[in-house]
> 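Please read through the structure below; I'll follow up with questions.
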There are 2 protein chains.
Amino acid sequence: MDVTLKGLRAFLAIARHRSFTRAAGLLHVTQPALTVQIRQLEVALGLRLLDRTPQGVEPTAAGLELARVLEVQLRDLDHTLENVRDLAARRRGTVRLAALPSVASSLLPSAMLRMRERHPELRVQLQEAVTGRIHDMVRAEMVDIGIASGPPPGPDLAREPLFQDHLLAILPADHPLASRRRIPLEALARESLLLLESNTSVWRVLDDAFAAKGLRLTPFQQAVHTSTLVGMAQAGLGIALLPSTAVELRIAPELARRRLQPDLAREIVVVHRTGRSLSPAAAALIDALRESVAA
Amino acid sequence: MDVTLKGLRAFLAIARHRSFTRAAGLLHVTQPALTVQIRQLEVALGLRLLDRTPQGVEPTAAGLELARVLEVQLRDLDHTLENVRDLAARRRGTVRLAALPSVASSLLPSAMLRMRERHPELRVQLQEAVTGRIHDMVRAEMVDIGIASGPPPGPDLAREPLFQDHLLAILPADHPLASRRRIPLEALARESLLLLESNTSVWRVLDDAFAAKGLRLTPFQQAVHTSTLVGMAQAGLGIALLPSTAVELRIAPELARRRLQPDLAREIVVVHRTGRSLSPAAAALIDALRESVAA
DNA sequence: TCGCTCGATAAAATTTCTTTATGGACGTAA
DNA sequence: TTACGTCCATAAAGAAATTTTATCGAGCGA
């Protein structure tokens with residue numbers, strides 16, 4: 001026979017209300033159930049905890065001592081359990097997120113807004129990085145989830161698709177190519193190109209597509225920040241090739257945006273360790289991301 | 001579905017050993033039992049606590065947090081339960097005792113010695129008092145048990161007989177009555193009597209017996225301390241009437257000790273509140289008292 | 001690819017718990 | 001004093017839960 005939480009709670013209720021019958025009512029069980037529970041507890045502890053008299057129940061010295069300590073300890077335990085339930089109910093928690101800068105500046109803000117509406121207590125710890133670094137951080141458990149592009153390398157990372165991020169050519173509205181709905185790679189190859197650095201997924205997608213056509217990708221200029229490239233395009237230095245998520249596009253309305261021919265896109269995916277479950281907070285963020293994508 | 005101690009302990013064992021199978025071995029159950037326990041716990045808390053992978057078990061963030069807190073709280077709870085078991089096993093505890101001075105000086109020391117041999121950690125809190133006061137103290141729960149004489153007054157006090165304490169006449173060896181094996185009350189009535197005070201049970205027993213014979217109890221001298229009366233008897237001032245438990249008798253070998261005719265005795269009993277159980281420590285003391293009586 | 005380890009699952013057996021029904025002790029009121 | 005009400009204990013039946021046995025499927029390493 002074993003000490004059980006139920007037995008201890010029954011004991012506390014009876015000790016507090018000085019009555020088996022009343023405690024039974026409060027605990028929504030019948031009185032004999034409590035009689036049995038207390039007997040088991042007393043057997044398990046080896047002594048009498050409650051003196052039963054027709055005019056009520058009186059804890060013994062041992063029972064009184066136990067009740068006093070137990071009251072505190074069970075309250076603490078319940079508090080602990082409630083804290084865990086708070087995590088489950090998304091009333092508490094933090095997602096550690098590594099995201100592509102482009103996503104972090106475009107999709108993520110609206111998703112976080114959405115998440116805050118539903119679960120105001122959840123927090124996001126954001127780190128911006130390129131896809132390779134994101135994979136590393138997820139693998140090393142430095143973050144809970146990543147938002148990166150393309151399929152992850154090893155089998156230890158699982159992906160869930162979020163959306164297609166089309167590659168756009170950014171060019172002055174009066175540029176000859178601006179008249180085309182879609183701009184062929186062959187035409188691009190003859191222009192001065194403004195590109196992000198070569199460790200980015202944009203570069204990789206573009207490089208693959210050029211190579212498939214036997215073309216050479218020779219950028220006129222490379223930069224870390226999309227705003228740099230947008231500025232250069234505005235000045236007429238060339239054609240910038242940027243993902244549609246680059247937020248700077250929205251604030252440069254005088255530039256034309258065109259898809260390529262063939263249409264190039266990188267798949268934006270949520271990445272997490274296979275076999276490791278998502279925390280409720282992480283799931284909430286992913287939900288919010290999907291809703292923002294759908295909107 | 002409910003959170004149970006068993007489930008929490010199972011969770012801790014698995015989290016600590018990173019394996020269902022190993023934990024099952026340590027807990028002496030089979031592995032499926034733990035699988036079910038953890039599933040119930042996870043359902044009760046609403047989230048996943050352990051990520052199961054073929055190469056072992058990894059707690060989730062929530063599981064890690066829970067394990068850390070739970071480790072402390074369950075240890076505290078176990079400590080509490082162990083403390084109660086210590087009371088039961090007589091490894092800890094105090095008896096509050098009110099006893100007649102005569103018993104406190106005669107029977108009690110040997111009983112306490114006996115008790116200390118068996119249960120060295122138990123303590124006795126002794127208060128000396130006369131029977132009436134002892135009853136009051138037991139009733140008021142100022143003490144756990146009393147050692148008094150005669151049957152207790154109300155139905156709220158229960159008694160358990162310990163032994164018969166014979167009333168002895170203490171007189172100089174050369175006193176004429178010293179030649180009798182038993183001294184008749186009628187003879188005593190003509191002597192100068194040395195008695196304890198009139199609120200004592202000795203007085204009451206004697207008074208009743210005299211009255212039953214139509215005799216008047218008129219003491220020559222009264223005192224609080226038996227040693228006073230023994231001293232007076234030694235000096236030849238009269239015949240002292242004392243309970244056999246009066247320890248001073250042993251250190252005055254030149255005085256004769258005689259029972260009365262009829263033999264008068266008071267019954268020494270252990271008194272405690274009816275309906276209230278004895279603490280293990282109190283039971284241990286009563287055991288020791290009985291053994292000392294039997295010895 | 002085979003064999004091994006590990007956890008999940010299903011069904012059966014067992015244990016445990018709860019309820020229903022009833023009993024006994026005590027106190028109260030007529 | 002007797003009838004009645006309250007309160008806890010007990011027993012038996014029923015319900016619920018846990019555990020075991022047996023087996024499966026996934027991943028890892030040789």
Side-chain angles (χ1 to χ4, degrees), chain A residues 1-44 47-60 63 139 152 154-158 273-277, chain B residues 1-44 48-60 63 139 154-158 273-277:
Chain A
M1 211 43 32
D2 234 17
V3 174
T4 65
L5 265 190
K6 215 188 293 186
L8 292 175
R9 289 195 208 282
F11 164 69
L12 264 196
I14 297 166
R16 193 176 300 131
H17 296 98
R18 296 285 196 270
S19 155
F20 279 66
T21 308
R22 246 170 306 162
L26 293 172
L27 297 176
H28 305 296
V29 292
T30 58
Q31 165 262 312
L34 292 193
T35 296
V36 174
Q37 287 284 3
I38 297 303
R39 175 169 49 221
Q40 289 184 357
L41 182 59
E42 288 179 333
V43 167
L47 44 51
R48 183 147 279 242
L49 298 171
L50 299 169
D51 277 331
R52 291 80 145 174
T53 72
Q55 55 272 18
V57 174
E58 194 74 16
T60 64
R139 219 189 315 265
D156 58 334
L157 293 184
R273 287 194 45 162
T274 46
R276 310 263 11 212
S277 51
Chain B
M1 211 44 32
D2 233 18
V3 174
T4 66
L5 266 189
K6 216 188 293 187
L8 292 175
R9 289 195 208 281
F11 165 68
L12 264 196
I14 297 166
R16 194 176 300 130
H17 296 98
R18 295 283 197 272
S19 156
F20 279 66
T21 308
R22 246 169 305 161
L26 293 172
L27 298 176
H28 306 295
V29 292
T30 58
Q31 166 262 313
L34 292 193
T35 295
V36 173
Q37 286 284 2
I38 296 304
R39 175 169 47 221
Q40 289 184 358
L41 182 60
E42 288 179 334
V43 167
R48 186 148 276 244
L49 298 171
L50 299 169
D51 278 330
R52 291 80 147 175
T53 72
Q55 56 271 19
V57 174
E58 195 74 15
T60 64
R139 219 189 316 264
D156 58 335
L157 294 185
R273 286 194 45 163
T274 46
R276 311 260 15 210
S277 52

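Just so we're clear, the structure is a prediction, and the values are computed from it rather than from any experiment. Here is how names work: the chains are called A, B, and so on, in the same order as the sequence lines, proteins then strands, and each is numbered from 1.
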> Could I get the full list of side chain to side chain contact (heavy atoms under 4.5 Å, CB included) partners for B/Ala158, not counting sequence neighbours?
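Checked B/Ala158 against side chain to side chain contact (heavy atoms under 4.5 Å, CB included); matches are B/His272, B/Thr274.
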> Checking the side chain of B/Asp51 only, and the main-chain atoms of A/Ser277 only, is there a donor and an acceptor separated by less than 3.5 Å?
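The answer is yes, because a donor-acceptor pair under 3.5 Å joins these two groups.
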> Distance under 4.0 Å to a non-hydrogen atom of chain B counts as contact; along DNA chain D, which nucleotides mark the start and end?
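Nucleotide range in contact with chain B: D/dA17 to D/dC28.
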> What distance do A/His17 atom NE2 and A/Leu27 atom CG have between them, rounded to the nearest 0.5 Å?
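With rounding to 0.5 Å, NE2 (A/His17) is 8.5 Å from CG (A/Leu27).
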> Check DNA chain C against residues 26-41 of chain B and give the residues with a non-hydrogen atom under 4.0 Å, in numerical order.
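Only B/Gln31, B/Pro32, B/Thr35, B/Arg39 qualify.
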> For the pair A/Thr60 (side chain) and A/Leu50 (backbone), establish whether a donor and an acceptor sit closer than 3.5 Å, ignoring hydrogens and angles.
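No, A/Thr60 side chain to A/Leu50 backbone: no donor-acceptor pair under 3.5 Å.
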> Using a 4.0 Å cut-off on heavy atoms, which residues in residues 2-22 of chain A reach DNA chain D? List them by number, or say none.
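Correct list: A/Ser19, A/Phe20, A/Thr21.
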> Could you tell me whether A/Arg273 and A/Asp156 have a side-chain N and a carboxylate O separated by less than 4.0 Å?
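Salt bridge flag = no for A/Asp156 with A/Arg273.
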> Looking at five pairs on each end of the helix from C/dT1-D/dA30 to C/dA30-D/dT1, what is the angle between the two axes, given to 10 degrees?
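Comparing the first five pairs with the last five, the axes sit 20° apart.
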> With the side chain counted from C-beta on, respond yes when A/Glu42 and A/Phe11 share a heavy-atom pair under 4.5 Å apart, and no when they do not.
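The answer is no, as the side chains (C-beta and beyond) never meet within the 4.5 Å cut-off.
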> Report the distance from atom CG of B/Leu49 to atom CD1 of B/Ile14, rounding to the nearest 0.5 Å.
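One gets 10.0 Å once the value is rounded to the nearest 0.5 Å.
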> Might you point out which heavy atoms bring B/Val57 and B/Arg18 nearest each other, and give the distance in Å?
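For B/Val57 versus B/Arg18, the nearest heavy atoms are O-CD, 2.9 Å.
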> Identify all side-chain donor-acceptor contacts of residues 30-41 of chain B below 3.5 Å with residues at least two apart in sequence or on another chain.
from	atom 1	to	atom 2	distance (Å)
B/Gln31	NE2	B/Thr35	OG1	3.0
B/Thr35	OG1	B/Gln31	O	3.4

> Please determine if A/Arg48 and A/Glu58 form a salt bridge, counting it only when a charged side-chain N lies under 4.0 Å from a carboxylate O.
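Answer for the salt bridge query: no.
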